[in-house]
Amino acid sequence: MADITIMGAGAFGLSLALVCAERGARVHVIEKRHIGAGSSGGLVGALAPHVPENWNPKKAFQFDALRMAEGFWARVATLSDIDPGYARLGRVQPVTEAALDLAQARASNAEELWQGFANWRVIPAQDAPGLPLISPSGWVIHDTLSARIQPRRAGQALAAAVQTLGGRISFGDAPVADGLTVWATGYEGLQDLSVALGRPIGSGVKGQSILLQHACENAPQIFADGLHIVPHADGTVAIGSTSEREFTDASSVDGQCDELLARARAVCPALQDAPVIDAWAGVRPRAKSRAPLLGPWPGREGHFVFNGGFKIGFAMAPILAGCMADLVLEGRDTIPDGFGFGAV
């Protein structure tokens, strides 16, 4: 019998399973499809910070999450013997002439807010590390806080790490066990929660992305006008992603992927001849507050919700899993303000 049952084997569910198992709990993960069946099975894996300005507790909490990521994913790799593809290689962003002064001001802010752990600087585009890119001003922002993860490998590594520690993972429509149960079931879970509570709690936002064959595994990621270009360690480059509030087919890719490819090649001509080897579409869970949603399921004793990763699931999962484990296993509420049901 499990001490805790976790419904869903995405980034949130598996990270919580690992943390609970590390604390000595007996864990059972139930996934109705497969590891990373929702948005955690995507391609991109950009772990990026908030801009260093207008600092608040949420931004500080995300900074702490990025700072602890290396140690967390190193533990996962050791336990699973699978490389999750984590590397803190930074990020390069083209900057417009009009935004140069603001970018420089943020560089000064980062010296204080990022506490010397990483930096943000404005440099000539030709001096930027990694893939050559086009910048309208000739300048780019280079930060050393951003990191990458390879989502599918990370999911497999998390699952193997949980099993190494004695956790069970089951697949299919298994009945919910008695006892403590955490629902980490993606956008479908948010829909179910909205119905159960009789008010909108969250929804799904579809995203599409593509994968190119191009070896530049030690290059920083590029972020240009909302487009992520993320090199991975296996000789691929992920490009993403779209944000579609309205859709009819959650898993289909379409001409929007062609637009992603064209935009990526315009910013980074080195990708001009890189072949497309994969494409992905899926739905990301977005809570009404836009922040992750954690806490006891209202009116349902012994049940908890861990959902709403949206675009920052892999970045926030390790630190939020600790908060959920505090609550579920020890009854301690360490959930940050704005991440609970009071915000939705």
Side-chain angles (χ1 to χ4, degrees), residues 10-13 15-16 18-20 23 39 46-73 86 88 90-91 93 102-103 105-120 141 143-147 149 182-184 189-190 193 199-203 205 223 226 243 284-298 304-344:
F12 274 17
S15 293
L16 176 58
L18 175 63
V19 172
C20 289
R23 296 189 187 185
S39 59
L47 313 183
H50 288 290
V51 295
E53 65 179 8
N54 300 323
W55 212 240
N56 58 43
K58 282 187 178 180
K59 290 186 176 183
F61 188 74
Q62 193 214 26
F63 172 74
D64 289 340
L66 293 173
R67 187 163 52 177
M68 69 169 284
E70 185 171 6
F72 178 86
W73 291 110
Y86 175 86
R88 185 163 71 92
R91 177 179 62 174
Q93 304 176 65
L102 179 58
R106 288 170 172 169
S108 299
N109 291 343
E111 292 181 9
E112 174 187 357
L113 298 173
W114 289 357
Q115 305 168 28
F117 181 76
N119 57 56
W120 167 297
I141 299 161
D143 82 72
T144 60
L145 183 54
S146 297
I149 199 82
V182 178
W183 295 83
L190 291 179
L193 194 59
R199 59 189 176 93
I201 298 299
S203 59
V205 178
F223 183 66
S243 287
R284 297 165 295 203
R286 181 186 184 276
K288 188 178 178 182
S289 64
R290 292 194 57 141
L293 179 61
L294 296 75
W297 184 309
F304 302 82
V305 175
F306 189 22
N307 208 325
F310 194 32
K311 298 180 180 181
I312 57 172
F314 274 103
M316 298 296 286
I319 195 169
L320 291 177
C323 295
M324 282 301 300
D326 290 342
L327 180 65
V328 177
L329 299 181
E330 303 174 26
R332 294 190 298 118
D333 187 351
T334 57
I335 298 169
D337 291 341
F339 287 68
F341 278 86
V344 297

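Starting from 1, each residue takes its place in the sequence as its number. Keep in mind that this is a model prediction, so the values were computed, not measured.
- Looking at Gln62, its side chain does come within 3.5 Å of a backbone N or O of His50 through a donor-acceptor pair.
- Atom CG of Leu16 is separated from atom CG of Leu294 by 9.0 Å, given to the nearest 0.5 angstrom.
- Judged by distance alone, with hydrogens and angles left aside, the side-chain atoms of Arg199 form a donor-acceptor pair with the main-chain N or O of Val344 at under 3.5 Å.
- Of all non-hydrogen atoms in Phe63 and Trp114, the two that sit nearest each other are CZ-O, 3.3 Å.
- Atom CG of residue Leu193 and atom CD1 of residue Ile201 lie 5.0 Å apart, to the nearest 0.5 angstrom.
- Side-chain atoms of Arg284 never come within 3.5 Å of backbone atoms of Gly309 as a donor-acceptor pair (strictly under, hydrogens ignored).
- Rounded to the nearest 0.5 angstrom, Asn109 CG and Asn54 CG are separated by 8.5 Å.
- Side chains of Leu145 and Trp120 form no contact here, defined as non-hydrogen atoms less than 4.5 Å apart.
- Put simply, the side chain of Asn119 does not reach to within 4.5 Å of the side chain of Glu111, judged on heavy atoms.
- Side-chain contact between Trp297 and Phe304 is absent, with no heavy-atom pair separated by less than 4.5 Å.
- With a 4.5 Å cut-off on side-chain heavy atoms, Ile335 and Leu327 count as touching.
- Counted within 6.0 Å of CD on Glu53, heavy atoms from surrounding residues, nucleotides or ligands total more than 12; the atom is thus considered enclosed.
- No hydrogens or angles considered: a donor-acceptor pair under 3.5 Å links the side chains of Ser243 and Lys311.
- Of all non-hydrogen atoms in Ser146 and Pro49, the two that sit nearest each other are OG-CD, 3.0 Å.
- In this structure the side chain of Phe314 reaches within 4.5 angstrom of the side chain of Trp73, judged on heavy atoms.
- Electrostatic pairing of Lys59 and Asp64 does not count as a salt bridge here, judged by no charged N lying under 4.0 Å from a carboxylate O.
- Closest approach of Ser15 and Ala317 over heavy atoms only: OG-CB, 3.5 Å.
- In terms of heavy-atom proximity, Leu293 sits nearest to Ala287 at CB-CB, 4.2 Å.
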Between Val305 and Phe341, does a side chain to side chain contact (heavy atoms under 4.5 Å, CB included) hold up when you go through it step by step? CA-CA 9 Å; Val305 175; Phe341 278 86; 3.8 Å; yes

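- Once rounded to the nearest 0.5 Å, the distance linking CG of Leu190 with CZ of Arg286 reads 10.5 Å.
- The side-chain heavy atoms of Pro336 and Pro57, taken from C-beta on, include no pair separated by under 4.5 Å.
- Aromatic rings of Phe61 and Phe339 (six-membered ring for Trp) have centroids within the 6.0 Å cut-off, being under it.
- At least one side-chain heavy atom of Arg23 sits under 4.5 Å from a side-chain heavy atom of Leu329.
- When the shell of 6.0 Å around CD of Glu330 is examined, it contains more than 12 heavy atoms from other residues, nucleotides or ligands.
- In this structure, the side chains of Arg91 and Asp143 come closer than 4.5 Å at one or more pairs of heavy atoms.
- Enclosure of atom CZ in Arg290 is not indicated, since only 12 or fewer non-hydrogen atoms of other residues, nucleotides or ligands lie within 6.0 angstrom.
- When all heavy atoms are compared, the tightest approach of Arg106 to Pro52 is O-CG, 3.4 Å.
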Go through Asn307 and Trp183 one step at a time and tell me if the side chain to side chain contact (heavy atoms under 4.5 Å, CB included) criterion holds. CA-CA 7 Å; Asn307 208 325; Trp183 295 83; over 6 Å; no

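- Ala315 and Leu47 make their closest contact through N-CD2, 3.6 Å (heavy atoms, listed as atom of the first residue, atom of the second, distance).
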